[in-house]
Amino acid sequence: MGQEESHSEEMDLAQIQDLCIIFMKECPSGELHLHEFKRIFGVPSSSEEESLYIETLFHSFDTNQDNALDFIEYVAALNLILRGNIEDRLKWSFKLYDKDGNGRLDRHEVKLIIRILHKIKFQKTNVSSMTPSQICDRIFELVDQNADGQITLSEFMEGAQKDEWLMNLLKLDVDAKGWVIQNCGKTS
């Protein structure tokens, strides 16, 4: 079992190396802009949900907010998606949800991401019978411990770790690893 885990980790490193080679090939300037990011990951212009999701991902990785990913931001993003632990993924997911950056999630912020995920992920799971509003209500019932209508990072982390349904939902794992591996380099 330990060998399988080690082999998987080695594969992840090889995959990261391949994705870095693609970065250098696609972005000889050393900067990756949103339109290039979409092209590298094969996001069709006809898919509004995937486009919005990839834009959200892009901006979450653009840590210096210059509308471009440099090589370090790109590698950090790949490391998080391909090898990040659950705590780091949850913190990243919280950041994605927290559109205004105030450190708290309100219903509007949660519903925005849920609507995107509803079309991408939930159509294939048992959650699809719930509307985005119902999913949002359930999240707040499970997570908003003090019922103030906002979710803090600690509430988010605690809630996700107590409930499997919530964990799968909040970590925003739209099979990110599989999606990156499958879609990166489609245009090559």
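What you see is a predicted model; the values in this text were computed from it and never measured.
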Looking only at heavy atoms, the pair that brings L96 and S60 closest together is CD2-CB, 3.1 Å
Shortest non-hydrogen pair, V110 vs F140, comes out as CG2-CE1, 3.8 Å
Scanning both residues in full, the closest heavy-atom pair of L105 with F156 reads CD1-CD1, 3.8 Å
Between L34 and F58 the two heavy atoms that sit nearest each other are N-CZ, 3.5 Å
Taken to the nearest 0.5 Å, the spacing of T63 OG1 from D70 CG works out to 7.0 Å
Separation between CG (D137) and CG (L142), nearest 0.5 Å, reads 11.0 Å
**Prompt:** Do T131 and S133 have side-chain atoms, one donor and one acceptor, less than 3.5 Å apart?
**Reply:** no
Heavy-atom closest pair (F37 atom, L69 atom, distance to 0.1 Å) is CE1-CD1, 3.8 Å
dist H59:NE2 -> N67:CG (nearest 0.5 Å) comes out at 6.0 Å
- Task: Would you indicate whether the side-chain heavy atoms of L57 and I54 approach each other to under 4.5 Å?
- Result: yes
### Query
Just by distance, do the side chain of E109 and the backbone of D100 share a donor-acceptor pair under 3.5 Å?
yes
Do I86 and M157 belong to the same hydrophobic cluster, where Ile, Leu, Val, Met, Phe, Trp and Tyr are linked whenever their side-chain heavy atoms lie under 4.5 Å apart, directly or via other members? yes
Distance col, row R104:CZ vs L153:CG, nearest 0.5 angstrom, shows 11.0 Å
Scanning both residues in full, the closest heavy-atom pair of E155 with Q150 reads OE1-O, 3.2 Å
query = Can you check whether F71 and F23 have ring centres sitting under 6.0 Å from each other?
reply = yes
Sub-6.0 Å ring centroid separation between Y97 and W92 | no
Next on the checklist: Could you walk me through whether H108 and K99 satisfy the side chain to side chain contact (heavy atoms under 4.5 Å, CB included) test, starting with their C-alpha distance in whole Å, then the side-chain angles of each, then the deciding distance to 0.1 Å, before giving a yes or no?
Outcome noted: CA-CA 9 Å; H108 176 74; K99 287 293 196 188; over 6 Å; no
*Check whether any side-chain heavy atom of L166 sits under 4.5 Å from a side-chain heavy atom of I139, and report yes or no.*
yes
In this structure, CD of E158 is separated from CG of L90 (nearest 0.5 Å) by 12.0 Å
Inset, instruction - Under the side chain to side chain contact (heavy atoms under 4.5 Å, CB included) rule, what do R138 and W165 come out as? Steps first, then yes or no, please. - result: CA-CA 10 Å; R138 182 164 178 204; W165 174 84; 3.5 Å; yes
If you measure only the distance, is there a donor-acceptor pair under 3.5 Å linking the side chains of E87 and Q161? no
Rounded to the nearest 0.5 angstrom, the CG-CD distance for D62 and E73 is 5.0 Å
* Can we say E55 and K38 salt-bridge, meaning some charged N sits less than 4.0 Å from an Asp/Glu carboxylate O? -> yes
